[in-house]
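Structure first, then comments.
Any value given below was found using the heavy atoms of this structure, including those in side chains, with hydrogens, waters and symmetry copies removed.
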Amino acid sequence: MTGGDIPPNSSVLDTTVLSNFAYIDELWVIAGLDGICTVPVVREELERGVGHHPYLQAALDTLDGEIPVATISETVANRETVVSDHLDPGEAQAFALADAHDGRLLTDDGDARSFAKEQGVTVVGSVGVLLAAIDAGKIDESAADEWLSTWIDEIGYYVPYRTISEYR
């Protein structure tokens with residue numbers, strides 16, 4: 001996927017959301033989102049993490065197939081350089097791509113979420129993806145609650161509410 005192939009309003013994944021859905025082995029949920037893609041630095045982060053977190057291999061296996069990895073244009077690389085003082089590498093590159101293409105940044109990282117919102121970039125996290133999947137009829141609320149509980153109880157995912165209904 002090259003810079004010219006990236007659709008407007010794309011959904012650009014950083015490692016956090018990809019990791020959460022890999023952990024519960026439900027990557028099909030994010031792979032099915034319109035305009036979904038990620039960036040090369042996210043692939044690198046997954047490759048570095050798979051030794052300690054074997055479930056990340058499933059996320060790596062979806063890249064280039066179900067989840068395209070964008071080629072970073074010079075414009076995006078320049079924007080990434082500017083924001084790299086504010087964000088970690090994966091978040092900086094994902095933010096820069098989303099910003100350059102009027103897309104959404106999919107992240108659960110608090111600092112990245114705050115920064116993106118300040119810059120006028122739409123942010124969606126794992127809970128937002130669950131809500132969208134429910135609204136699209138792909139999953140039901142009980143599945144979303146189960147997945148959310150797994151993230152909270154097993155990987156220390158922090159959110160203010162334990163059930164999806166509390167986000168409505």
Side-chain angles (χ1 to χ4, degrees), residues 1 6 10-33 35-72 76-77 79-99 103-117 121 123-133 138-139 142-164 167:
M1 171 179 271
I6 299 165
S10 56
S11 296
V12 185
L13 284 161
D14 89 340
T15 307
T16 59
V17 174
L18 199 49
S19 172
N20 283 343
F21 282 88
Y23 187 82
I24 58 171
D25 198 24
E26 302 292 351
L27 286 161
W28 64 271
V29 174
I30 53 175
L33 295 172
I36 194 71
C37 65
T38 193
V39 294
V41 173
V42 167
R43 179 199 309 274
E44 294 166 11
E45 290 176 350
L46 292 171
E47 288 170 344
R48 283 194 306 273
V50 77
H52 289 57
H53 307 284
Y55 63 88
L56 295 177
Q57 185 61 52
L60 280 167
D61 293 344
T62 66
L63 299 184
D64 293 321
E66 296 111 307
I67 300 173
V69 178
T71 301
I72 301 304
V76 171
R79 182 71 169 130
E80 177 186 355
T81 300
V82 169
V83 302
S84 63
D85 289 343
H86 305 282
L87 302 172
D88 290 336
E91 287 125 12
Q93 197 170 72
F95 166 82
L97 184 67
D99 187 35
R104 291 172 294 282
L105 176 63
L106 275 64
T107 184
D108 289 319
D109 181 87
D111 292 338
R113 291 175 67 86
S114 295
F115 181 80
K117 288 177 185 176
V121 173
V123 180
V124 177
S126 294
V127 170
V129 172
L130 292 176
L131 289 166
K138 294 180 178 185
I139 63 172
S142 65
D145 283 341
E146 179 183 328
W147 298 350
L148 184 57
S149 290
T150 298
W151 293 334
I152 292 167
D153 296 339
E154 295 181 21
I155 59 175
Y157 183 65
Y158 175 77
V159 287
Y161 307 113
R162 289 192 63 90
T163 63
I164 287 297
Y167 290 94

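With hydrogens and angles disregarded, no donor-acceptor distance shorter than 3.5 Å links the side chain of Ser10 to the backbone of Val12. A donor-acceptor contact shorter than 3.5 Å links the side chain of Thr62 to the backbone of Ala59. Formation of a donor-acceptor pair under 3.5 Å by the Asn20 side chain with backbone atoms of Ser126 is not found in this model. The closest donor-acceptor contact from the side chain of Asp109 to the backbone of Ala112 lies under 3.5 Å.
Here OG of Ser142 is found 9.5 Å from CH2 of Trp147. Values are rounded to the nearest 0.5 Å. Remark: Leu33 CG to Leu106 CG distance equals 6.5 Å, nearest 0.5 Å. Atom CG of Asp14 sits about 12.5 Å away from atom CG of Leu97, to the nearest 0.5 Å. The CD atom of Glu45 sits 7.0 Å away from atom CD of Glu91, with the distance rounded to the nearest 0.5 Å. The line from CH2 of Trp28 to CD1 of Ile139 is 6.5 Å long, rounded to the nearest 0.5 Å. Rounded to the nearest 0.5 Å, atoms CD (Glu26) and OG1 (Thr150) are 10.0 Å apart.
Pairing each heavy atom of Leu130 with each of Ala144, the nearest pair is CD1-O, 3.9 Å. Scanning both residues, Gly32 and Lys138, for their nearest heavy atoms gives O-NZ, 3.4 Å. In terms of heavy atoms, Leu105 sits closest to Ala94 at CD1-CB, 3.6 Å. Closest of all the heavy-atom pairs between Val129 and Val124 is N-CG1, 3.9 Å. Closest approach of Val69 to Val39, counting heavy atoms only: CG1-C, 3.7 Å. Of all heavy-atom pairs spanning Ala22 and Leu27, the tightest one is N-CD2, 3.7 Å.
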*Apply side chain to side chain contact (heavy atoms under 4.5 Å, CB included) to Val159 and Leu148, showing your working.*
CA-CA 9 Å; Val159 287; Leu148 184 57; 4.0 Å; yes

_Before you tell me yes or no, could you show the steps for Arg104 and Ser11 under side-chain hydrogen bond (donor to acceptor under 3.5 Å, both in side chains), namely the whole-Å CA-CA distance, both residues' side-chain angles and the distance that decides it to 0.1 Å?_
CA-CA 5 Å; Arg104 291 172 294 282; Ser11 296; 2.7 Å; yes

*Step by step, would you call Arg79 with Asp99 a side chain to side chain contact (heavy atoms under 4.5 Å, CB included)?*
CA-CA 9 Å; Arg79 182 71 169 130; Asp99 187 35; 2.7 Å; yes

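Asp108 and Tyr157 are linked by a side-chain donor-acceptor pair at a separation below 3.5 angstrom, with hydrogens and angles left out of the test.
Comment: Asp153 engages Arg162 in a salt bridge, judged by a side-chain N to carboxylate O separation of less than 4.0 angstrom.
Around atom OH of Tyr167, more than 12 heavy atoms belonging to other residues, nucleotides or ligands sit under 6.0 Å away.
In summary, of the residues considered (Ile67, Asp64, Thr38), a side-chain contact (heavy atoms from CB on, under 4.5 Å) with Arg43 occurs for Asp64 alone.
Inter-residue side-chain proximity for His53 and Leu56 is flagged as met; some heavy-atom pair is nearer than 4.5 Å. Val121 is not listed as a side-chain neighbour of Lys117, based on a closest heavy-atom distance of 4.5 Å or more. Under the 4.5 Å side-chain criterion, counting only non-hydrogen atoms from C-beta, Asp88 is not in contact with Thr15.
Between Tyr23 and Tyr55, the ring-plane angle classifies as perpendicular under the 30° and 60° cut-offs.
Two rings, from Trp151 and Tyr158, have their centers 6.0 Å or more apart.
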